[in-house]
**Student:** 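My questions will all concern the structure given below.
Chain naming here is simple, since letters A, B, ... match the order of the sequence lines and numbering starts at 1 in each. Computed over heavy atoms, backbone and side chain alike; hydrogens, waters and symmetry mates excluded.
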Amino acid sequence: MKVASWNINSLRVRLPHVLEWLDKHQPDVLGLQETKLPDHDFPADAFFDAGYDVRFSGQKTYNGVAFVFRDDSVGQPDELVTSLSEYEDSQKRIIAGTFGDTRIYNLYVPNGQSVGSEKYEYKLDWLTALRLQVEADTKQFDKIVLMGDFNIAPEDRDIHDPERWNGKIMCSDAERGQLQQITELGFTDLLRKHNDSNDVFSWWDYRMGAFERNNGLRIDLVLGSAAMVSVCEACHVDSAPRALDRPSDHAPVWAKFAQ
DNA sequence: ATGGTGGCCACGCCA
C-alpha cells in the first residue's frame, strides 16, 4: 500500500496538478488538505475518470480535507469520521477512515498564526483533542497512519534556518510538545526512518523566492504505528510539483508499505 | 522592523 498527503491550497486551482501526480505516482490513498471548496463543488467526476473514488469534508473558502483512493486495491473506507470527538469545531480539518485493516487519519492542523494568539490556543486545543481521539483508536487498531499538514516542524533539522525560526509559530516548544505527546502513543515520523538529512522540506513560502533558495520547513508528515513502521519500505517528499507553474506552496509526501 | 506572494472574492482574511 502506498499512501500520500498533499496540502494543495485550493483544489479548483490545483486539480490538474493532482491528476497529473496521481497518474505518475499511483498512490492507493491520497489525503488532500486545503481543498477550499464546499462539498457540492467537489470535482468527484474528475477523480472517477482517473480510476479513483473520493470522500471529502469541505467548506467555502477555507480548510477542507479529502481522501482520494483506489477502491480496487483498498476498498471502501469504514468508520469514516469528519470531526474530532472531543472538540466542537466548525472548521473542516479532519477525515479518517479504515481501509482494510489500516486506520488512516488525514489532517489539516490549524496554522496558529503566531505564538500566544487566539489561533495558537486553538491549535494547541485542537491537537489535544486529536491526541485523545488517536489514543482511543490505538486500543482498537494496530495499523494506524496519521498524515497531513501538521503545521509543526518536529526538529531543528526540519527548518532551513533554525535560529531565525527559534520559538516561532510551527517551531515553538508547546507545539512540538503536543506533537511529541502524539508520537509517544507509539508513532514514528516515517521520513526519518529513511532519511536523516537537514535539507528535506515540504513547505516553502510563496514570497522571497523561498523555494529556489530551499528556504523551507518540513511540516507535512506521515506518522506510522509500530505495525506500520515494520512494513514501511520508503517515505519521500516529492518537491517536483512545487516547481510547476502556479504551484501549491506544499509538496506531497508519500510512504510505501509492504502490506 | 517591515513586507514580500497567493487564494478567495470583491475587501480583508488566512496562510
**Student:** Can you measure A/K36 atom NZ to B/dA15 atom C1' for me and round it to whole angstrom units?
**Tutor:** 7 Å
**Student:** I want to know whether A/F69 and A/F99 have ring centres closer than 6.0 Å.
**Tutor:** yes
**Student:** Between A/N111 and A/D205, just flag the one whose closest nucleotide in DNA chain B comes earlier from the 5' side.
**Tutor:** A/D205
**Student:** What's the NZ-C1' distance between A/K92 and B/dC14, to the nearest Å?
**Tutor:** 18 Å
**Student:** State which of B/dC13, B/dT5, B/dC8 makes the closest approach to the side chain of A/Y62.
**Tutor:** B/dC13
**Student:** What integer number of Å spans the C1' atoms of B/dA10 and B/dC14?
**Tutor:** 16 Å
**Student:** Nearest to the side chain of A/M208 - B/dA15, B/dC13, B/dG3?
**Tutor:** B/dG3
**Student:** When you measure from the side chain of A/R14 to the backbone N and O of A/R246, does any donor-acceptor pair fall under 3.5 Å?
**Tutor:** yes
**Student:** Using whole Å, what does the distance between atom C1' of nucleotide B/dG4 and atom CZ of A/R213 come to?
**Tutor:** 11 Å
**Student:** Below the 4.0 Å mark, does B/dG7 have OP1 or OP2 next to a side-chain nitrogen or oxygen of A/R14?
**Tutor:** yes
**Student:** Within a radius of less than 6.0 Å around CG of A/N195, do more than 12 heavy atoms belonging to other residues, nucleotides or ligands occur?
**Tutor:** yes
**Student:** Nearest whole Å is fine: how far is B/dG7 P from A/K60 NZ?
**Tutor:** 17 Å
**Student:** Between B/dC8 atom P and A/E34 atom CD, what is the distance in whole Å?
**Tutor:** 10 Å
**Student:** Which comes earlier along DNA chain B counting from the 5' end, the contact point of A/S10 or that of A/N7, where each point is its nearest nucleotide?
**Tutor:** A/S10
**Student:** Categorize A/Y108 for me: base, sugar-phosphate, or nothing, with a 4.0 angstrom heavy-atom threshold over every strand shown.
**Tutor:** sugar-phosphate
**Student:** Mind checking whether A/W203 and A/H250 have parallel, tilted or perpendicular rings, split at 30° and 60°?
**Tutor:** tilted
**Student:** Over all strands shown, is A/R93 touching base, sugar-phosphate only, or nothing at heavy-atom distances under 4.0 angstrom?
**Tutor:** sugar-phosphate
**Student:** When you compare B/dA1 with B/dA15, how far apart are their P atoms, in angstrom units rounded to a whole number?
**Tutor:** 24 Å
**Student:** According to the Watson-Crick and G-U wobble definitions, with both distances under 3.5 Å, which nucleotide is paired to B/dG4?
**Tutor:** none
**Student:** Can you check the A/R246 CZ to B/dG6 C1' distance for me, whole Å?
**Tutor:** 9 Å
**Student:** How are the rings of A/W21 and A/H25 set to each other: parallel, tilted or perpendicular (split at 30° and 60°)?
**Tutor:** parallel
**Student:** Round to the nearest Å and state the distance from A/Q33 atom CD to B/dC14 atom P.
**Tutor:** 20 Å
**Student:** Rounded to the nearest Å, what distance is computed from the CG atom of residue A/D249 to the C1' atom of nucleotide B/dC14?
**Tutor:** 11 Å
**Student:** With a 3.5 angstrom cut-off on both distances, give the Watson-Crick or G-U wobble partner of B/dA10, or none if there isn't one.
**Tutor:** none
